[in-house]
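Residue numbers start from 1 in every chain, and the chains themselves are labelled A, B, ... in the order their sequence lines are given, proteins ahead of strands. The figures here come from the full heavy-atom set of this structure, side chains too, leaving out hydrogens, waters and symmetry mates.
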Number of protein chains: 2
Amino acid sequence: MGDVAQAAGVSPMTVSNTFKYPQRVQEQTRLRVLASAHELGYVPNLVAGNLAAGESRVIGGTIPSIRNSSFYKYVLGMQQAVNLQGYKLVLMLADTIAQEREAVETLIGLRVAGLVLVGNEHDPATVSLLRKVDVPVVESWTHGDAMDMGVGYDTAEATRRAVRLLLARGRRRIALIIHEGGAARRFTERVPAFRDEMARAGLPGDLVQSVQITDGFGAGPVALGALLARAADLEAVICPTDVVAAGILFECQRRGIAVPDDLAVAGWGDYEVSSEMTPQLTTIGPNAAEMGTEAVDLLIRRVQGQPIRNRLVDTGFTLIERASTGG
Amino acid sequence: MGDVAQAAGVSPMTVSNTFKYPQRVQEQTRLRVLASAHELGYVPNLVAGNLAAGESRVIGGTIPSIRNSSFYKYVLGMQQAVNLQGYKLVLMLADTIAQEREAVETLIGLRVAGLVLVGNEHDPATVSLLRKVDVPVVESWTHGDAMDMGVGYDTAEATRRAVRLLLARGRRRIALIIHEGGAARRFTERVPAFRDEMARAGLPGDLVQSVQITDGFGAGPVALGALLARAADLEAVICPTDVVAAGILFECQRRGIAVPDDLAVAGWGDYEVSSEMTPQLTTIGPNAAEMGTEAVDLLIRRVQGQPIRNRLVDTGFTLIERASTGG
DNA sequence: GCTATGATTTGTAGCGCTACAATGCCTTCC
DNA sequence: GGAAGGCATTGTAGCGCTACAAATCATAGC
């Protein structure tokens, strides 16, 4: 910076102002500084700037996985929101709560302006760390509960709606598949809702099957096999993701099970694949892009000290009925 | 840091050493410092550390998209390598070369130790910036060409191998589908290889169809429709990704086209879906995890001043033959 | 007892930048 | 003509940490 200042015949402070607060510097001075900077190939060191100013325009986010499209629209929503507000988004992968803890430590180490995490399941060390350092945090994909701020939708209610849809389509022997392993605890919230809604219809809620979250498409065949072994009269399944539902559809093709006539299949997540398969998948659409946008907006409002109406935002969901659950 | 030092009854320098060079500090002192740090919720400010030491243990990467599994194994490979070496990986999404430029600016602003980019298609401003600041860069998913270092496989040769496989399975009227839009120029390398290999067999290489990279599964039906309009006698297609191939399989189901009897379909990328569908997809497996690992290893070797045998690493590929191209 | 040696710990200076206050300079207005 | 006010510019101090060298301590050998 000093070299640029000397070349332009001004003080270092004027160079700093030229980049940080251009309107403070007179037009001709600014142009002179920019010319010298360009000539010398000077790129401001944001690290030093952040350290001196104690502020950053970078937001940190963690993503459990990029294995499938689960977080695609969500991340796009975040990206759009940060772009609009002149911030940047850096992401770290965090498959497990231990990895999340490390990611949070690194992001806090980089002194990001705020954090967007996924889920409300964290390492105790993460929680106590976040309480001690005073950094704004949004937990997304959660509902009605958050350390600081939260964005999400009601997965219990979504489960109920899916069960009611299947009941309305004449199915009685309904199964719920959930994920386990990793940081998959959020799937377990669906179980009591499922059992309760089945009980209201006077039906047993015994068919709850869990599969490893690491299994992807392959989880479909595994879950279907296990469920058919438990209940040969199975009429419908609600899947934890569209990927598992797609895996079940593939397996049904191989086994000669007709969907939806023999078996109704409902997915979850409104991934692109759900509308491209045959039959098209009934699925629960979580308004993921809105969730990402809302998470970032909450964070930036908090960073900038603006008032926050709702600390916990419900972005809702849509039950998208398609062919895989019958007509 | 001062607070922690005081709490532990040591000097700030010892706290610094505890985190940066644990082996320099006596066991009991180290434990005392760590306890105080934990109690006070102290997280070392990497920003200040970078500034003082002029080095960082964070590597920055850009990813074109997380829409589908394309970069899943690749990112896992990078993650594994950085974990092994005690580095951290932060990612930024960069769909276009303009977004890549911004991402690179931000990551350089954060003074990451090195950068891993995807592809060799960049904004001129990105290239000149990278030349000015002296930061190690690996370009992945490229072959035989890189600014600094490169990792990838030979997509032209892979295209040739796919063509030869289809020829060996008795197909003559073969089409190549490629992507366009965004930063998809790397797909065009496949075209001359396709035409050349077809010409060697005395066949026309006219059936090259391009689809928008933003289209995902939906690109399958679009491409298939266009190709059938151009050549009703179409016998085989080579797709730019497994997602497009899956879209074509779905469309074939709807149109009553038997795969592989009426049409052979080859995918690209060895995504999980390729082995779960019926019929299973023949696909080109790019050893993506190895590519990620190798990219990070190259970078870290360069950062640490170790000798680099090959500036350009070829991680190879595997042609995985399955049912979709016939037996 | 005293020095040599190595292990551990501790000051000092400064990384590149920005907040803040202070300086200088030019108008404006009574 | 001189004080007041506004604007552009410039010193000063310090952000939180680490490189480096200096200092301290423990142990061993003569």
Carboxylate-amine/guanidinium proximity below 4.0 Å for B:Arg302 and B:Asp148: yes
Testing the 3.5 Å rule here: is there a donor-acceptor pair between the side chains of A:Gln85 and A:Asp297? yes
Residues of residues 46-55 of chain B with any non-hydrogen atom less than 4.0 angstrom from an atom of DNA chain C: list those, numerically ordered, please. B:Leu51, B:Ala52
Is the number of heavy atoms from other residues, nucleotides or ligands within 6.0 Å of CZ (B:Arg131) greater than 12? no
Between B:Arg111 and B:Glu105 (salt bridge meaning N to carboxylate O under 4.0 Å), is one present in this structure? no
Partners passing side chain to side chain contact (heavy atoms under 4.5 Å, CB included) against B:Asn310 (at least two apart in sequence or in another chain): B:Val313
Can you name the ring-ring contact (aromatic ring centres under 6.0 Å, His included) partners of B:Phe187, sequence neighbours left out? B:His179
Looking at B:Arg32 and B:Glu27, is any side-chain nitrogen of the basic one under 4.0 Å from a carboxylate oxygen of the acidic one? no
Rounded distance in Å - CG (A:Asn45) to C1' (D:dC15): 13 Å
List in chain and number order the residues that pass side-chain hydrogen bond (donor to acceptor under 3.5 Å, both in side chains) with B:Glu180, two or more places apart in sequence or in another chain; answer none if no residue qualifies. B:Ser210, B:Gln212
Is there side-chain contact between B:Leu117 and B:Val137, with heavy atoms separated by less than 4.5 Å? yes
Using a cut-off of strictly less than 4.0 Å between a heavy atom of the residue and any atom of DNA chain C, enumerate the qualifying residues of residues 1-24 of chain A by number. A:Met1, A:Met13, A:Ser16, A:Lys20, A:Tyr21
Is any side-chain heavy atom of B:Asp95 less than 4.5 Å from a side-chain heavy atom of A:Gln79? no
Rounded to whole Å, how long is the line connecting atom CD of B:Gln28 with atom P of C:dT8? 11 Å
Could you tell me the separation between the CZ atom of A:Arg57 and the P atom of C:dT18, rounded to a whole number of Å? 14 Å
Presence of A:Gln26 side-chain N/O under 4.0 Å of D:dC7 phosphate oxygens OP1/OP2: no
Can you pull out how bent the helix from C:dG1-D:dC30 to C:dC30-D:dG1 is, comparing the axes over its first five and last five pairs, to 10°? 50°
Under a 4.0 Å threshold between the charged nitrogen and the carboxylate oxygen, would A:Lys88 count as salt-bridged to B:Glu102? yes
Using atom CD of B:Glu27 as one end and atom P of C:dT9 as the other, report the distance to the nearest whole Å. 12 Å
Spacing of A:Ile108 atom CD1 relative to D:dC17 atom P, expressed in whole Å: 14 Å
